Amino acid sequence: MEPADRIYAYSSTLMGTEISLRLFSPDRQLAAQVFNTIGELENLLTVNRPRSQVMDVNRAAGNHPVAVTSTVFELIRRARDASLVEGSCFNLAIGPIVKLWKIGFTGDSVPDRDRIERLLGLTDPRDVILDEKEGSVFLARAGMEIDIGAIAKGYIADIVKELLRRNGVRNAIVNLGGNLHAIGTPLPEEQGRWRVGLQKPFGEKEEMIGIIRVSDKSVVTSGTYERFIVVDDRIYHHIIDPRTGYPLDNELHSITIVSDKSIDGDVYSTIIYGMGVASGLRYLRENCPSLGAVFVTRDKRIILSSERSFAFELLDTTYSLSRPGTSRSGSGMA
Ligand code: AMP
Ligand code: MG
């Protein structure tokens with residue numbers, strides 16, 4: 001707790017990451033309720049334990065459909081839709097490949113190419129069959145596994161926001177290991193906008209290359225530096241290109257999405273990451289102009305989509321900044 005700042009911070013380790021909640025008045029009980037809610041959702045959605053509703057679906061692959069709660073059904077439907085967007089690298093059926101690499105878990109290693117190629121045959125999102133009437137999910141082929149890790153934190157952050165609102169909290173920050181909901185506005189000294197740090201890729205955790213200022217927005221980042229291993233001087237990170245079965249390899253180190261709903265930020269951070277800068281900017285402009293994006297490239301450029309939903313301040317001048325309309329990548333940003 002930091003009473004001098006009139007901020008009361010609570011934290012807990014859940015979903016394999018540090019979850020923190022910042023409030024303007026002390027409320028230990030509400031914080032406990034938030035962490036309990038997150039724990040319950042994790043129990044439904046995790047694929048990192050033997051049992052959960054999602055694991056029940058996975059275990060029945062090729063065998064029979066499994067009825068799930070409407071929450072889990074909706075989330076799987078959303079992840080399936082995201083997987084079918086044209087040009088999307090999001091793939092909810094990527095589970096067998098994620099489990100093979102185990103990036104960020106004990107036993108992670110670079111797998112044999114032929115094992116990767118064999119498992120790619122089990123990752124077609126159209127083989128995830130949803131039955132609306134029964135509320136059931138069927139994975140058509142034995143060995144298939146769904147993984148909704150790329151969407152779960154955003155979904156949970158939105159639920160926490162709702163829970164806080166129901167309890168009369170209008171201003172707060174909930175941070176689910178980099179998946180952040182900046183709810184309402186902070187103290188007047190901050191000019192009505194929260195300051196969210198843009199992390200330096202592969203830097204220290206506290207090392208920021210810029211500040212994203214928002215009010216009442218979700219700020220979600222997908223980055224190569226979040227979970228990775230280094231083998232023979234090569235970095236292998238945790239977001240898999242479903243076309244190759246290897247970690248996505250393009251000009252980006254990270255992409256941050258600013259949105260109203262955190263689930264949108266989580267979905268699009270993964271989709272747009274796979275598209276890269278030029279296609280990603282075009283996609284956002286044509287399909288979801290209300291979303292903001294901050295790209296960080298391997299060659300130390302920071303490219304903003306538009307600053308309609310946020311303001312950006314550069315801290316690390318070893319990076320160059322392209323603002324809307326001035327980007328060398330062109331793309332005629334709004
Ligand atoms: P995020 O941090 O939201 O970018 O999600 C990363 C997590 O999503 C990974 O740790 C995997 O569990 C899962 N994942 C990896 N590759 C993909 C992919 N291509 N599509 C969907 N989920 C993925
Ligand atoms: Mg995501």
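Each ligand, and each atom within it, is numbered from 1 in the order the structure gives. Quick caveat, the model's predicted, so the values are computed rather than measured.
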Against heavy atoms of Thr270, which atoms of ligand 1 measure under 4.0 Å?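 The list of qualifying atoms is 3 (O), 4 (O).
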Which atoms from ligand 1 have a heavy atom of Ser222 less than 4.0 Å away?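 Atoms satisfying the 4.0 Å criterion: 1 (P), 3 (O), 4 (O).
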Please note down the angle at the Mg ion (ligand 2) between OD1 of Asp266 and OG1 of Thr270, to the nearest 10°.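 Centred on the Mg ion (ligand 2), the OG1/OD1 angle is 170° (to 10°).
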[atom]: which protein heavy atom is closest, and how many Å away?
| atom | result |
| --- | --- |
| atom 3 (O) of ligand 1 | Asp266 OD1, 3.0 Å |
| atom 5 (O) of ligand 1 | Ala150 CA, 3.3 Å |
| atom 16 (N) of ligand 1 | Ile240 N, 3.0 Å |
| atom 20 (N) of ligand 1 | Asn91 N, 2.8 Å |

So for atom CZ, which belongs to Arg170, do other residues, nucleotides or ligands contribute more than 12 heavy atoms lying within a distance under 6.0 Å?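 Enclosed.
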Restricting to non-hydrogen atoms, name the atom on Leu252 and the atom on Ile272 that form the minimum distance, rounded to 0.1 Å.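 Between these two residues, the closest heavy atoms are CD1-O, 4.5 Å.
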Minimum heavy-atom distance Tyr273-Asn250, with the two atoms named: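 Heavy-atom minimum between the residues: O-ND2, 2.8 Å.
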May I ask which of Ile94, Leu92, Asp147 has a heavy atom nearer to atom 23 (C) of ligand 1 than the others do?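 Comparing heavy atoms across Ile94, Leu92, Asp147, the nearest one to atom 23 (C) of ligand 1 lies in Ile94.
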Please compare His237, Lys99, Lys153, His238 and report which has the shortest non-hydrogen distance to atom 2 (O) of ligand 1.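 Of the listed residues, His238 has the closest heavy atom.
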Heavy atom of Cys89 under 4.0 Å from ligand 1?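 Under 4.0 Å: yes for Cys89.
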Please confirm whether Arg227 approaches ligand 1 to less than 4.0 Å, judged on its heavy atoms.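 True for this residue.
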Does the side chain of Thr221 pick up a donor-acceptor pair with the side chain of Thr256 at under 3.5 Å?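 Thr221 vs Thr256: donor-acceptor pair found between side chains.
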Can a donor-acceptor pair be found between the side chains of Ser320 and Lys300 at a distance below 3.5 Å?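 No pair is found: no donor N or O on one side chain lies under 3.5 Å from an acceptor on the other.
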Intermediate values then yes/no, side chain to side chain contact (heavy atoms under 4.5 Å, CB included), Phe138 and Val57: CA-CA 7 Å; Phe138 177 49; Val57 170; over 6 Å; no
Side-chain donor-acceptor contacts of residues 93-105 below 3.5 Å, not counting sequence neighbours, with atom names and distances?
unit_1: Lys99; atom_1: NZ; unit_2: Val47; atom_2: O; d: 3.2
unit_1: Lys99; atom_1: NZ; unit_2: Glu145; atom_2: OE1; d: 2.8
unit_1: Trp101; atom_1: NE1; unit_2: Gly245; atom_2: O; d: 2.8

Any N or O of Ser269 that comes nearer than 3.5 Å to an N or O of ligand 1?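 No, there is no polar N/O contact under 3.5 Å.
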Decide, counting backbone as well as side-chain atoms, whether Ala150 has an N, O or S atom less than 2.8 Å from the Mg ion (ligand 2).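 Given the 2.8 Å cut-off, Ala150 counts as a ligand of the Mg ion (ligand 2).
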Validation row, ring centre Phe202 to ring centre His253 under 6.0 Å: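 Yes, the ring of Phe202 comes within the 6.0 Å limit of the ring of His253, centre to centre.
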Which residues pass the side chain to side chain donor-acceptor pair (under 3.5 Å) test with Asp147, not counting sequence neighbours?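 Side chain to side chain donor-acceptor pair (under 3.5 Å) list for Asp147, sorted by chain: empty.
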